[in-house]
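For reference, the structure is listed below as structure tokens.
In what follows, every heavy atom counts, from backbone to side chain, and hydrogens, waters and symmetry copies are set aside. Numbered from 1 within each chain, the chains take letters A, B, ... in sequence-line order.
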Amino acid sequence: MIEQIIISNVAKGIESLFNAKAEEKQIQLQRTKKEFEGDITIVVFPLIRLSKKSPEETATLIGNYLHENVDEVNDFNVIKGFLNLVIDDKYWLGFFNENLKKSNYGEAATHKDSDPVVIEYSAPNTNKPLHLGHIRNNLLGHSVASILQASGSEVKRVNLVNDRGIHICKSMIAWQKWGEGNTPESSQKKGDRLVGDFYVLFDQKYKIEVQKLIASGVEPKLAEKESPLLIEAQQMLQQWERNDPEIRALWERMNNWVYAGFDKTYERMGISFDKTYFESETYLLGKTIVEEGLKKDILFKKDNGSVWADLTNDGQDEKLLLRADGTSVYMTQDLGTAILRYNDFKAGRLIYVVGNEQNYHFEVLEIILKKLGYGWAENIHHLSYGMVELPHGKMKSREGTVVDADDLMEEMYQTSKRMTVELGKTSDFSEEEAKQLYETVGMGALKYFMLKVDPKKSMLFNPEESIDFTGNTGPFIQYTYARIQSLLRKANELKINLVKTSGKTLEMAQKEKNVLRLIYDYPSVIQNAAQNLSPAMIANYTYDLVKEYNQFYQEVPVFKETSKAKIIFRLQLSRFTAQIIKSAMGLLGINLPDRM
RNA sequence: GGUCGCAUAGCUCAGCUGGAUAGAGCAACAGCCUUCUAAGCUGUGGGUCGCAGGUUCGAAUCCUGCUGCGAUCACCA
């Protein structure tokens, strides 16, 4: 790496020039700004303490030293406190030729010695279909997993399905009462949608019942608690916990409808898991751990029998872990599943992709696990992402503003189809090819839109305006890729051999070099994105690369060139760019068309 | 009220561990298809980086306070 060469030589230079020792931090490199000549810039301000000379003088002395002692440094210029180094094109071309044939360029080999990263995402409830919020969650989780893999980690993707509880009982009751034996088949509805509809129906009937009670003189709060429907749901939950065969059968039946529906949604989204946990199988897990903690006096019991963790020394309040009746709460279960998961995979790291509304929960989870003696709890990482907001605020099921995942994906398909047909892109496509293109572009637009913003920031989605297809978008990147494929097809027709390298003596146009410089950055972009758990970094990098490539494409024609070597170089550069686009978009779960 | 997070162009977003005149896209306007795909390229206009202090040779970036927005603080999940 050229950066390493420069840093070590700057250190040497400082020693021989100023008789001083530079710390690593003091040698700061950055990319030279476009408006100045050069490739790499050294910021000399931190070094003037060592040189005891003015910034300009220091820069000039170091520049001279590097010019004389480092082959790759061809020239330099000094502007204020910035030393701009011109790196010989031979270096860049050498790098290019060396890496041209690496099919997985940018991706690091898996380090086998370290324990796997376990990443949880999706975590749906089985009482309603997936919505916009889940889309961000799923895309983020899946993409971060891919990025970690590419950076060299072994990764396990897990899902934890919330398949039991009062919510699913509500759907079950509504179905029993008003379902008329309807099934996904008989109603022609996706199973998750069908069950979700019954959940909504329960809520409607429940509200009517509460209103009636209030009208008959019952206190509003009491009415909400004493509604016969709600009591029925609570009783059903108890029956479920007692393993009542009839209830269990219905529960299984309806959940299976939901899973069939989820599978379709996941499939269209391109999301998958290595393992799926079900809460019905894990919800009792935390109890024994809590009881052990109680024995060891790490936790304490209140007079009514409820069990708590005292976190007042950790800047938090007290946290309930077992109710007075001995039943567990969300936190209790999560303690249990964390330990289970850690043991299942010998996890080196546990990542949870969960919205930032649960920041508090995860903070407390980690503290309690540590208190209970699980040192690995510090390897828990909550990938806390911002909410997806609509122009008028959050999604609210009551106001019918929930954006359904399936609906949104279908809309993206239709928009993609409309745009593509308007542009006349598919006139020579078969019907099958055309459909595939609409899907690829529509999903590409959606995924890129969701992933290009920093995960921790909340983002805005406006259902009124459809997601763009021009500018910083998925389709723009896909389009560039398709353009390159077109070039390569033509090269193939012309029987141009792209195997042999073009040597180090080629003269590059500025636009070519710009593209090459970005290609050079890709491996470090992956590492950075992995470190920050940020698909946005991959997206923004790819956009920069593609934008730069399009400038090259527009300004530097390939096949008009008379020099054979240059034609080959430009095609290789194009192919290399396409390869990176494919790799990077792969990390975001975005497919690419060969024509569009 | 306590805790945590966010605030950059009309809108949506970049800006890596502090470094040069703060960048893109959308929208607006003006150009570029007899030339490898115009879902593209070029140009113009648009900013007190929420406000006020502080640290530093240097602050959108770090610290403090304030304002605004959001989340959270349940014997809910």
Throw together a table of side-chain donor-acceptor distances under 3.5 angstrom for residues 488-495 of chain A, partners on residues two or more places apart or in other chains.
unit_1  : atom_1 : unit_2  : atom_2 : d
R489(A) : NH1    : D594(A) : O      : 3.2

Length of the line joining I477(A):CD1 and G40(B):P, which is rounded to integer Å: 11 Å
Sugar-phosphate, base or nothing in reach of V329(A), heavy atoms under 4.0 Å: sugar-phosphate
Residue list, side-chain hydrogen bond (donor to acceptor under 3.5 Å, both in side chains) with Q527(A), at least two apart or on another chain: none
Any Q551(A) side-chain nitrogen or oxygen under 4.0 Å from OP1 or OP2 of U42(B): yes
For T562(A), side-chain hydrogen bond (donor to acceptor under 3.5 Å, both in side chains) partners two or more places apart: none
Under the side-chain hydrogen bond (donor to acceptor under 3.5 Å, both in side chains) test, residues paired with K456(A) that sit two or more places apart: D454(A)
Can you give each donor-acceptor pair under 3.5 Å made by side-chain atoms of residues 413-420 of chain A, sequence neighbours left out, with the distance rounded to 0.1 Å?
unit_1  : atom_1 : unit_2  : atom_2 : d
Q414(A) : NE2    : E410(A) : OE2    : 3.0
T415(A) : OG1    : E411(A) : O      : 2.8
S416(A) : OG     : Y438(A) : O      : 2.8
T420(A) : OG1    : S416(A) : O      : 2.5

Mutual orientation of the aromatic rings belonging to W240(A) and Y283(A) [parallel < 30°, tilted 30-60°, perpendicular > 60°]: tilted
Spacing of Q554(A) atom CD relative to C41(B) atom C1', expressed in whole Å: 4 Å
Salt-bridge present (E389(A), K394(A); N to O < 4.0 Å): no
Salt bridge flag under 4.0 Å for residues E56(A) and K80(A): no
Gap between atoms CD and P, on Q234(A) and C76(B) respectively (whole Å): 10 Å
Selection from A77(B), A14(B), U21(B) that lies nearest to any side-chain heavy atom of N162(A): A77(B)
Protein-to-nucleotide contact annotation, 5' to 3' order, nucleotides 54-59 of chain B [B base; S sugar-phosphate only; - none; under 4.0 Å, heavy atom]: ---B--
Any residue of residues 560-575 of chain A with a heavy atom less than 4.0 Å from an atom of RNA chain B: K560(A)
With sequence neighbours excluded, residues passing side-chain hydrogen bond (donor to acceptor under 3.5 Å, both in side chains) with D203(A): K207(A)
Residue-level proximity of residues 34-44 of chain A to RNA chain B when a heavy atom falls under 4.0 Å: F36(A), T41(A), V43(A)
Proximity to RNA chain B (any heavy atom under 4.0 Å), residues of residues 123-137 of chain A only: none
Sub-4.0 Å heavy-atom contacts from residues 418-428 of chain A onto RNA chain B, ordered by number: T420(A), L423(A), K425(A)
Could you pull out the protein-nucleic contacts involving nucleotides 2-8 of chain B (nitrogen or oxygen on both sides, under 3.5 Å)?
none

